[in-house]
Amino acid sequence: MLEGKKIVLGVCGSIAAYKSATLVRLLVKAGAQVQVVMTPDATNFITPLTLSTLSKRPVYSDYFKAETGEWNNHVELGLWADVMILAPASANTMAKMATGLVDNLLTAVYLSAKCPVYFAPAMDLDMWKHNSTQHNITELKGFGNILIPPGSGELASGLHGEGRMAEPEVIVAFLAEDIRKKLPLFGKQILVTAGPTYEAIDPVRFIGNHSSGKMGFALADELALLGADVTLVAGPTAQASKYQSIKRINVTSAADMLQECLAYFPAANACVMCAAVADYTPVTVAEQKIKKHDYGFNIELKKTTDILKTLGAQKCEGQILVGFALETEHEEEYAIGKLQKKNLDLIVLNSLNDAGAGFKSDTNKVTLIDRDLNKTSYDLKNKAEVAHDICVKLTQLLKK
Ligand code: CTP
């Protein structure tokens, strides 16, 4: 959730500032870019050098760089951030934030920020309980700022009680979960299939196809990025998912894939059937390796079950089913035929006549056709971008 996020971390004057070092480390490790802004007091608790080394960026605490007189532009910093976190947020800084008082760079950045602002207070228990502090917190929450509540335990004063800043691990988890909850597909279960299927002939041979799995894996990644709970049923492929949250189930044959899809489809809000499923499979699989002879060799094949059509027949109200059609001629006519025959909500058409589309390549060129026969054609794009276009349409269909 934090990958690539631009985070302004505001550090206030509190003994808990020593935990900011771990917080920076964890945020950077999670893939975020972290810009630390300290209040002048905070620099008495932890050195800017520590935080700039860990964040790999200069740390700002003054409006001007003393050496050059250059301005640390608070407006730019506020607009740069996707997220602002104040940790530790001292009683003093929270009071300023609640009243709009600006007397240092951090409070100026706060007033300039347009992004969500999280604050993790740290103070002694009596300060925390004080009506002024509680009033300020209510004000801050009223402005839309998000409180990361303090924990209880031994405080720097030696007293026990509430007021300890949340641990850095808790702050990172809180942030990631809060960001996830606001994503468009949060709470949606989505089943994706990817890759080819292999239909065994004997213990060493199979009938397969050229599908690389790239499109299906790109779709699973994009759906996870949009907050969905993704189950990815994958045929034999060397692809790997970007996100650990994706539940991957490896299968080999069309029959295996059917079994997994039947198990996961009932609970799914949507299914994107991207796999290149074999249409035929050998009637019998030889137990031993078939030896070669001087004469020709025939394999008798039987039809596999059409997984998509089976799911289309079972589909409940509100479930969205997306299929793919890879065609070489009469592209739109065939794609619409599949959309209707298989009871789909959306079909992704790609034509092998378009250079750069289809199997193996890193790019694809698709046309999306929905059940009202609305048609959108896209340019040739990389598969991650194509996945994004498909997911935008899928998100709209799920909202209907
Ligand atoms: N599909 C499926 N089960 C099968 C065959 C295909 O679920 N046994 C799905 C594919 O995953 C794809 C869609 O059906 O989403 C269309 O697949 P495609 O191979 O283009 O079409 P078919 O229906 O198999 O028809 P044909 O091969 O004759 O074009």
Side-chain angles (χ1 to χ4, degrees), residues 190-200 206-220 223 230-237 239 249 251-266 268 270-283 301-315 319-354 357-360 364-371 383 386-387 389-391 393-394 397:
I190 303 192
L191 173 64
V192 180
T193 65
T197 62
Y198 286 178
E199 309 303 317
F206 60 84
I207 299 171
N209 60 64
H210 291 299
S211 169
S212 62
K214 283 178 186 167
M215 193 64 243
F217 275 69
L219 272 162
L223 289 164
V230 181
T231 301
L232 174 61
V233 177
T237 163
Q239 301 299 315
I249 295 164
V251 294
T252 305
S253 66
D256 300 339
M257 189 170 275
L258 171 68
Q259 197 183 331
E260 296 300 339
C261 288
L262 289 176
Y264 285 95
F265 185 63
C271 169
V272 186
M273 192 77 208
C274 188
V277 187
D279 288 329
Y280 293 93
T281 192
V283 171
L301 301 175
K302 61 179 180 191
K303 266 188 86 178
T304 57
T305 303
D306 189 318
I307 303 172
L308 193 55
K309 197 171 169 203
T310 307
L311 301 183
Q314 294 186 358
K315 199 172 70 162
Q319 274 186 313
I320 302 294
L321 195 53
V322 182
F324 274 69
L326 176 62
E327 307 294 346
T328 56
E329 57 175 352
H330 309 295
E331 288 90 340
E332 275 186 37
E333 180 194 331
Y334 286 164
I336 292 170
K338 285 174 191 176
L339 174 89
Q340 291 168 341
K341 199 169 65 189
K342 302 190 189 194
N343 191 23
L344 309 182
D345 300 280
L346 185 70
I347 193 144
V348 182
L349 163 65
N350 39 166
S351 167
L352 272 189
N353 295 322
D354 288 323
F359 288 159
K360 282 190 177 162
N364 207 354
K365 183 170 178 359
V366 301
T367 298
L368 303 186
I369 308 173
D370 67 19
R371 55 189 306 138
K383 285 187 172 167
V386 174
D389 292 335
I390 296 169
C391 290
K393 182 72 184 179
L394 176 58
L397 292 174

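Whatever order the structure lists them in is the order used to number ligands and atoms, beginning at 1. Side-chain atoms are counted along with the backbone in the values below, which use heavy atoms only and exclude waters and symmetry mates. Just so we're clear, the structure is a prediction, and the values are computed from it rather than from any experiment.
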Between ligand 1 and the protein, find all N/O pairs closer than 3.5 Å and give the distance for each.
unit_1: ligand 1; atom_1: 3 (N); unit_2: Ile307; atom_2: N; d: 3.0
unit_1: ligand 1; atom_1: 7 (O); unit_2: Ile307; atom_2: N; d: 3.4
unit_1: ligand 1; atom_1: 7 (O); unit_2: Leu308; atom_2: N; d: 2.8
unit_1: ligand 1; atom_1: 8 (N); unit_2: Thr304; atom_2: OG1; d: 3.4
unit_1: ligand 1; atom_1: 8 (N); unit_2: Thr305; atom_2: O; d: 3.1
unit_1: ligand 1; atom_1: 11 (O); unit_2: Met273; atom_2: O; d: 3.4
unit_1: ligand 1; atom_1: 11 (O); unit_2: Ala275; atom_2: O; d: 2.7
unit_1: ligand 1; atom_1: 14 (O); unit_2: Lys342; atom_2: NZ; d: 2.9
unit_1: ligand 1; atom_1: 15 (O); unit_2: Met273; atom_2: O; d: 2.7
unit_1: ligand 1; atom_1: 15 (O); unit_2: Phe324; atom_2: N; d: 2.9
unit_1: ligand 1; atom_1: 15 (O); unit_2: Phe324; atom_2: O; d: 3.4
unit_1: ligand 1; atom_1: 20 (O); unit_2: Lys338; atom_2: NZ; d: 2.8
unit_1: ligand 1; atom_1: 21 (O); unit_2: Lys338; atom_2: NZ; d: 2.9
unit_1: ligand 1; atom_1: 23 (O); unit_2: Lys342; atom_2: NZ; d: 2.5
unit_1: ligand 1; atom_1: 24 (O); unit_2: Asp279; atom_2: OD1; d: 3.0
unit_1: ligand 1; atom_1: 24 (O); unit_2: Asp279; atom_2: OD2; d: 3.2
unit_1: ligand 1; atom_1: 27 (O); unit_2: Asp279; atom_2: OD2; d: 3.0
unit_1: ligand 1; atom_1: 29 (O); unit_2: Lys338; atom_2: NZ; d: 2.8

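- Expressed to the nearest 0.5 Å, how far NZ of Lys303 lies from OG1 of Thr281 amounts to 13.5 Å.
- With values rounded to the nearest 0.5 angstrom, Asn353 atom CG is found 11.5 Å from Lys365 atom NZ.
- Under the ring pair (Phe, Tyr, Trp, His ring centres under 6.0 Å) criterion, Phe206 pairs with Tyr198, not counting sequence neighbours.
- Smallest separation of non-hydrogen atoms from Leu223 and Cys391: CD2-SG, 3.5 Å.
- For Asn350 (side chain) and Val366 (main-chain N/O), no donor-acceptor pair under 3.5 Å exists by modelled atom type.
- Considering all non-hydrogen atoms of both residues, Ala194 and Gly213 come closest at CB-O, 4.2 Å.
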